[in-house]
Amino acid sequence: MTRTQSQMRFWFLAFILFVVLVWILKPVLLPFLMGITIAYFLNPVVDRLERRKIPRWLSTFGVMLGFGLIVAAILTVIGPLLENQLGALFNAIPGYIEKIRAHYVPWIENWLGRFAPEDVEK
């Protein structure tokens, strides 16, 4: 095996290990990923306030407070709407299942009727 093949094998295995690790730690990593994303998008606002001679700690506090208020306002408005929509969906699911059964069960029975019983039993 050449050196290049050995290096490619190492990096491929390292990548597979990385993917497996991320998959296993997915529930733990999500809050960190959300925090990093929020910080990435809010940092330019803090930088702009800091250039206007506002202390960074005060800029950060103000931006985070504003962001929290905006998120709370959105959840307050969207929360009840989402609750009503999900309730309607859960109530409608049995009807959807019945429509699917009424449409597909005869088709499946017709399709299965084409086979001889001795072919299906094995």
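What's counted below: heavy atoms across the whole structure, side chains too, no hydrogens, waters or symmetry copies.
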Trainee: Say you draw a straight line from CG of Leu89 to CG of Asn84; how long is it, rounded to the nearest 0.5 Å?
Mentor: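 It comes to 12.5 Å.
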
Trainee: Measure up the Trp107 and Trp111 rings against each other and bin them: parallel (under 30°), tilted (30 to 60°), perpendicular (over 60°).
Mentor: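 Judged by the thresholds at 30° and 60°, the geometry between Trp107 and Trp111 is parallel.
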
Trainee: Just wondering, are more than 12 heavy atoms of other shown residues or ligands nearer than 6.0 Å to CD in Gln7?
Mentor: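 Yes, enclosed.
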
Trainee: Taking C-beta and beyond as the side chain, do Ile74 and Ile78 meet within less than 4.5 Å on heavy atoms?
Mentor: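 In contact.
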
Trainee: Measure from the side-chain N and O atoms of Asn110 to the backbone N and O of Pro106, and report whether any donor-acceptor pair falls under 3.5 Å.
Mentor: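 Checking the backbone N and O of Pro106 against the side chain of Asn110, no donor-acceptor pair under 3.5 Å is found.
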
Trainee: Using the rule that two of Ile, Leu, Val, Met, Phe, Trp, Tyr join whenever any of their side-chain heavy atoms come within less than 4.5 Å, decide whether Ile36 and Val46 are in one cluster.
Mentor: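 No: no chain of side-chain contacts under 4.5 Å links Ile36 to Val46.
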
Trainee: Is there a path of hydrophobic side-chain contacts, each under 4.5 Å between heavy atoms of I/L/V/M/F/W/Y residues, joining Ile54 to Val45?
Mentor: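 In one cluster: yes.
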
Trainee: Hey, could you give me the CZ/CZ distance between Phe10 and Phe15, rounded to the nearest 0.5 Å?
Mentor: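 Interatomic distance, Phe10 CZ to Phe15 CZ, rounded to 0.5 Å: 14.0 Å.
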
Trainee: Mind running side chain to side chain contact (heavy atoms under 4.5 Å, CB included) on Leu49 and Arg56 for me, showing each step along the way?
Mentor: CA-CA 8 Å; Leu49 289 172; Arg56 189 160 184 91; over 6 Å; no

Trainee: Any link between Tyr104 and Tyr96 through a network of hydrophobic side chains (Ile, Leu, Val, Met, Phe, Trp, Tyr) touching at under 4.5 Å?
Mentor: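 Tyr104 and Tyr96: separate clusters.
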
Trainee: Give a yes or no on whether Leu82 and Ile93 share a hydrophobic cluster (residues Ile, Leu, Val, Met, Phe, Trp, Tyr; joining criterion: side-chain heavy atoms under 4.5 Å apart).
Mentor: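 Yes, it is one cluster - the side chains of Leu82 and Ile93 are joined through contacts under 4.5 Å.
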
Trainee: With side chain to side chain contact (heavy atoms under 4.5 Å, CB included) as the test, would you mind laying out the steps for Arg9 and Phe12 before giving the verdict?
Mentor: CA-CA 5 Å; Arg9 175 191 276 174; Phe12 178 73; 5.7 Å; no

Trainee: How many angstroms lie between atom CD1 of Ile16 and atom CG of Leu21, to the nearest 0.5 angstrom?
Mentor: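 Separation between the atoms: 12.0 Å.
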
Trainee: Of all heavy-atom pairs between Leu75 and Pro80, which one has the smallest distance, and what is that distance?
Mentor: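 Of all heavy-atom pairs spanning Leu75 and Pro80, the closest is O-CD, 4.2 Å.
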
Trainee: Can you tell me how far the CZ atom of Arg52 sits from the CG atom of Asp47, to the nearest 0.5 Å?
Mentor: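 Going from the CZ atom of Arg52 to the CG atom of Asp47 covers 12.5 Å.
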
Trainee: Rounded to the nearest 0.5 Å, how far apart are CG of Leu30 and CG of Leu25?
Mentor: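 So the gap between those two atoms works out to 12.5 Å.
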
Trainee: Transitively linked via ILVMFWY side-chain contacts under 4.5 Å: Trp57 with Ile38?
Mentor: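 Trp57 and Ile38: one cluster.
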
Trainee: Quick check for you: to the nearest 0.5 Å, what is the distance between Ile108 atom CD1 and His103 atom NE2?
Mentor: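 Answer for the CD1-NE2 pair, Ile108 versus His103, is 11.0 Å.
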
Trainee: Can you tell if the side chain of Thr2 reaches within under 4.5 Å of the side chain of Gln5, non-hydrogen atoms only?
Mentor: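 Heavy-atom side-chain distance check passes, below 4.5 Å.
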
